[in-house]
Amino acid sequence: MKIQKITPDILYLTPDSMRKLGACAGVVAHGKKATIGIDLNLGPTDSLDALRQFNPDLALITHYHLDHSIWIRRAEKTCQAKVLVPEAEAQYLSSLDYVLDRTAGKFNLTREWEDFIVNTLGFTPLETFETLTSETGLDRYRDGLTPIPTPGHSPGHFSFYFSKEKILFSGDMGLDRFGPWYGWPDCDLEGIVQSIDRLSRLDLDLILTSHGGVINKEDIPGAWQSSLFSLLKRERRILDQMDAGLSREEILKNGVFYPVTSTAPPPMVRFLEMWDKTMLDHHLKVIRQGGLQHLFPDIWPME
Ligand SMILES: [Fe+2]
């Protein structure tokens, strides 16, 4: 893993490769009151190394997705850290049946997905934890640390704002070259737009992202814009194909988020197809309501 000192007491930890399966970048914040770890899901070995090295008192996650949350089982057991998980996502972490039902269950891929999350990623039900809401005071752990509800990518997603330093740990807000992801039925495309809009109003000097590295102050407005624009671009691409008379299957064959799915080995290819189908469904839901520009005229004024 790579450890970047962002300030004397805020560290940004990234996996050796951002493309590493099931891993994301995370943050360690040292303070007088506590050491806090957020999303230290750097891969099995690096996560354990980070926990041993920094021994957090408090373990936080932005959301339940497995590439962000596997490590908190170890935080609880290895460091006796207090674990706080988003209130709206507690059952995703404590129950295998619940997470399967809300993710791949709808697609008749439960068995393959269960095998992947349990045997490849290492899911076990989280036993001891408390829940995080927008009302949870994190000041008692670190002055100025504020959880900001940013649902959409997942039902209870949080970003974390270090207000004194004007640093945001954004989580999965799509501030990377791929743009926002909404491949599960519990994602909400409108929610993503609203959450990006909310975050883009913060006074920020720096953003630390889960999969897209560090964004400097001068690049922040452009990063929000490009994340939002990627949604509009996808919608337009779908609309163009619908206008041209393409069927749902043909649109999916051309890819919604994943451009080429046929080269991935099974069962991954089926997971990619499942996520693309779901992303198309989220767009169609918005299109039925008039489309992104109609729903968000302040963000995308009509030409
Ligand atoms: Fe995610």
Side-chain angles (χ1 to χ4, degrees), residues 12-15 17-27 37-43 47 59-73 84-93 98-100 102-107 113 116-117 120-123 126 132 147-160 168-196 198-199 207-213 215 223-224 227-228 230-231 234 256-258 268 271-272 274-279 281-282:
Y12 180 56
L13 281 59
T14 46
S17 163
M18 277 294 202
R19 305 192 73 169
K20 201 166 172 179
L21 195 66
C24 72
V27 168
I38 313 175
D39 278 10
L40 298 180
N41 217 77
L42 304 147
S47 284
L60 299 170
I61 52 168
T62 53
H63 62 303
Y64 80 88
H65 290 171
L66 284 303
D67 55 334
H68 295 252
S69 65
I70 289 294
W71 70 285
I72 45 172
R73 283 89 180 165
L84 283 183
V85 305
E87 187 176 46
E89 299 184 357
Q91 279 184 279
Y92 287 90
L93 296 145
Y98 189 89
V99 75
L100 290 173
R102 299 296 168 114
T103 54
K106 191 179 161 212
F107 300 89
W113 186 243
F116 180 69
I117 68 173
T120 303
L121 298 183
F123 179 96
L126 183 67
L132 176 75
I148 301 181
T150 42
H153 173 76
S154 71
H157 189 285
F158 275 99
S159 300
F160 292 94
L168 179 74
F169 181 58
S170 61
D172 272 357
M173 299 308 294
L175 295 170
D176 49 56
R177 65 195 174 95
F178 304 107
W181 186 94
Y182 30 97
W184 290 130
D186 66 6
C187 299
D188 175 11
L189 186 45
E190 285 177 72
I192 290 176
V193 177
Q194 287 156 352
S195 291
I196 293 175
R198 183 175 311 134
L199 291 180
I207 301 179
L208 309 173
T209 74
S210 289
H211 302 284
I215 302 173
W224 293 127
S227 177
L228 286 170
S230 61
L231 300 174
R234 282 179 211 149
V256 175
F257 181 89
Y258 299 99
M268 192 49 75
F271 297 156
L272 300 183
M274 159 178 79
W275 291 326
D276 243 12
K277 274 183 201 165
T278 311
M279 289 179 77
D281 286 341
H282 286 301

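Whatever order the structure lists them in is the order used to number ligands and atoms, beginning at 1. Please read all numbers here as calculations on a predicted model, not as lab measurements.
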Which residues and atoms, protein N, O or S only, are under 2.8 Å from the Fe ion (ligand 1)? His63 NE2, His65 ND1, His153 NE2, Asp172 OD2
What pairs with Ser159 under side-chain hydrogen bond (donor to acceptor under 3.5 Å, both in side chains), at least two apart in sequence or on another chain? Thr150
Let me know which of Ile215, Thr209, Leu208, Leu199 forms a side-chain contact (heavy atoms from CB on, under 4.5 Å) with Leu168. Leu199
The side-chain contact (heavy atoms from CB on, under 4.5 Å) partners of Pro147 (sequence neighbours excluded) come to Leu132, Leu138, Phe158, Phe160
Flag for Asp39-His68: side-chain donor and acceptor within less than 3.5 Å: yes
Asp176: side-chain contact (heavy atoms from CB on, under 4.5 Å) partners, not counting sequence neighbours: Phe178, His211
Using atom types as modelled and distance alone, determine if a side-chain donor or acceptor of Asn41 lies under 3.5 Å from a backbone N or O of Trp71. yes
